[in-house]
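Numbering of ligands and ligand atoms starts at 1, following listing order. The chain is numbered in sequence order, starting from 1. The model shown is predicted, which means the values in this text are computed figures rather than measured ones.
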Amino acid sequence: MEDSYRHRGLRKKLVESIREKGIVDKAVLAAIEKIPRHFFLDSSFLEFAYQDKPFPIGSGQTISQPFTVAFQSELLAVKRGMKVLEIGTGSGYQACVLAEMGAKVFSIERQRKLFIRTKQFLQTLPYKVNLFLGDGNEGVAAYAPYDRILITAAAPEIPEKLLEQLKPGGMIVIPHGADDIQQMLRIIKNDDGSTTTEEHGAFRFVPLLPDLGND
Ligand code: SAH
């Protein structure tokens, strides 16, 4: 697929609109400006790739709205070299944003179809993202502990295993709630193992599902 002058121009405008909506983290804005989001969408949606909207990616899932990707990435306060676990790989776009910001990215997806498609697709990009198929509620114990954990689906509860797999001083960003609308939480794991929770506004995500998808 081609990344044309026109695509790059549209991306600059998208970054401008995200900045106007309040995102200030330069590494986040630079990553969104650099990564060709249209590569991650079905070809029938190409022209919509640079609108600030979520879009279907098949298997009943969506690629998050660019502002939401930026907002979660900013809240996560990622520094170069950090180990980040993402729950809900989907299209792989958010994982690439984190990789472009210098994180060592691990990402888990429950739907086999999406997992296989995204794994193949990411091989065509210059990012090394470690992908896993499984239930994100369990985390990925083999590579724990993580500096940061990002959940990109609505979670009715905060998965206990994810808290366990977080380093002391680490953070989880999670859209929390069982209803249509969730509260974006940032949970900081203190050195004594206790947690501090901050609320960062209302968002709408597809639900985190407990079991493995069979489609
Ligand atoms: N981060 C993605 C968008 C995520 S949409 C992107 O950048 O495109 C939410 C994703 O979470 C979907 O792909 C969905 O299949 C996945 N998901 C839902 N429940 C899950 C679970 N229990 N474990 C892992 N992934 C899950």
Side-chain angles (χ1 to χ4, degrees), residues 14 18 28 31-32 34-42 45 48-76 78 84-101 103 105-122 125 127 129-144 146 148-162 165 172-178 180 182 184 203-215:
L14 173 65
I18 289 173
V28 172
I32 289 174
K34 179 149 183 203
I35 300 172
R37 186 171 185 258
H38 62 285
F39 287 8
F40 295 77
L41 302 189
D42 290 347
F45 292 124
F48 299 112
Y50 297 111
Q51 296 181 5
D52 191 14
K53 288 184 181 160
F55 271 106
I57 52 172
S59 306
Q61 301 304 325
T62 55
I63 177 171
S64 303
Q65 180 179 349
F67 172 74
T68 305
V69 171
F71 190 86
Q72 288 200 300
S73 303
E74 181 168 84
L75 265 188
L76 210 56
V78 173
V84 180
L85 174 64
E86 178 195 27
I87 312 301
T89 312
S91 69
Y93 178 71
Q94 170 77 71
C96 289
V97 168
L98 296 170
E100 177 63 36
M101 291 170 70
V105 184
F106 300 81
S107 183
I108 180 165
E109 169 59 52
R110 70 181 266 284
Q111 296 210 48
R112 186 177 297 275
K113 236 181 168 173
L114 261 180
F115 165 77
I116 292 171
R117 199 177 78 188
T118 299
K119 199 176 167 78
Q120 285 174 349
F121 164 63
L122 288 188
L125 297 181
Y127 299 108
V129 175
N130 305 281
L131 299 184
F132 302 87
L133 173 65
D135 178 6
N137 289 293
E138 302 293 317
V140 179
Y143 294 91
Y146 302 96
R148 302 285 188 261
I149 299 178
L150 174 61
I151 294 141
T152 67
E157 275 151 62
I158 291 135
E160 196 52 46
K161 293 252 174 71
L162 297 186
Q165 291 174 25
I172 298 186
V173 169
I174 178 168
H176 179 243
D180 262 14
Q182 303 88 41
M184 189 70 78
F203 285 81
R204 192 189 294 264
F205 282 79
V206 296
L208 188 67
L209 299 164
D211 56 328
L212 278 187
N214 51 11
D215 47 354

Heavy-atom side-chain proximity of Ile57 to Arg117 below 4.5 angstrom
yes
Show the nearest heavy-atom pair for residues Ile32 and Ala70, with the distance to one decimal.
CD1-CB, 3.7 Å
Flag the pair Leu125 / Pro36 as yes when at least one side-chain heavy-atom distance between them is below 4.5 Å, and no otherwise.
no
Nearest non-hydrogen atom to atom 11 (O) of ligand 1 belongs to which of Gly88, Gly92, Gly90?
Gly88
Of the listed options (Gln72, Glu109, Glu138), which comes nearest to atom 13 (O) of ligand 1 when hydrogens are ignored and any heavy atom counts?
Glu109
Give, for atom CZ of Arg37 and atom CD of Gln51, the distance between the pair rounded to the nearest 0.5 Å.
9.5 Å
Number the atoms of ligand 1 from 1 as they appear, then name those within less than 4.0 Å of a heavy atom of Val206, with their elements.
5 (S), 9 (C)
Check each heavy atom of Leu114 against ligand 1 and say whether those closer than 4.0 Å belong to the side chain, the backbone, both or neither.
side chain
Which atoms form the tightest heavy-atom contact between Ala178 and Pro156, and what is the distance?
CB-CB, 4.0 Å
Looking only at non-hydrogen atoms, which of Arg112, Arg110, Lys113 approaches atom 20 (C) of ligand 1 most closely?
Arg110
One finds that the ligand 1 atoms under 4.0 Å from a non-hydrogen atom of Asp135 are 21 (C), 22 (N), 23 (N)
Does an N or O from Thr152, backbone or side chain, lie closer than 3.5 Å to an N or O of ligand 1?
yes
Is there a nitrogen or oxygen of Ser64 sitting under 3.5 Å from a nitrogen or oxygen of ligand 1?
no
To check you understand the geometry: which heavy-atom pair defines the closest contact between Ala155 and Leu208, and what is its length?
CB-CD2, 3.9 Å
Heavy-atom distances under 4.0 Å decide this one: backbone, side chain, both or neither, for Thr89 against ligand 1?
backbone
Would you say that Thr118 contacts Glu109 through its side chain, given a criterion of any heavy-atom pair below 4.5 Å between the two side chains?
no
Going by the angle between their ring planes, with limits at 30° and 60°, are Phe40 and Tyr93 parallel, tilted or perpendicular?
perpendicular
Please list, in number order, the atoms of ligand 1 under 4.0 Å from a heavy atom of Gln94.
1 (N), 7 (O)
Please confirm whether Ser107 comes under 4.0 Å of ligand 1, counting heavy atoms of the residue only.
no
Give the numbers and elements of all ligand 1 atoms closer than 4.0 Å to a heavy atom of Thr62.
3 (C), 4 (C), 5 (S)
Tell me which part of Gln111 gets within contact of ligand 1: side chain, backbone, both or neither, using heavy atoms under 4.0 Å.
side chain
List ligand 1 atoms under 4.0 Å from Asn137, heavy atoms only on the residue side.
22 (N)
Minimum side-chain heavy-atom gap Ile35-Val97 below 4.5 Å
yes
To atom 23 (N) of ligand 1, the nearest of Pro159, Gly136, Gly139, Pro207 on a heavy-atom basis is Gly136
Show me which atoms of ligand 1 lie under 4.0 Å from any heavy atom of Ile63.
8 (O)
Can you list the ligand 1 atoms lying under 4.0 Å from a non-hydrogen atom of Ser91?
6 (C), 7 (O), 8 (O)
Report the relative orientation of the aromatic rings in Tyr143 and Phe132; use parallel for angles under 30°, tilted for 30 to 60°, perpendicular for over 60°.
tilted
Distance in Å, Glu138 CD paired with Leu162 CG, rounded so as to fall on 0.5 Å steps
8.5 Å
Would you mind listing which atoms of ligand 1 come within a distance below 4.0 Å of any non-hydrogen atom of Gly134?
23 (N), 24 (C)
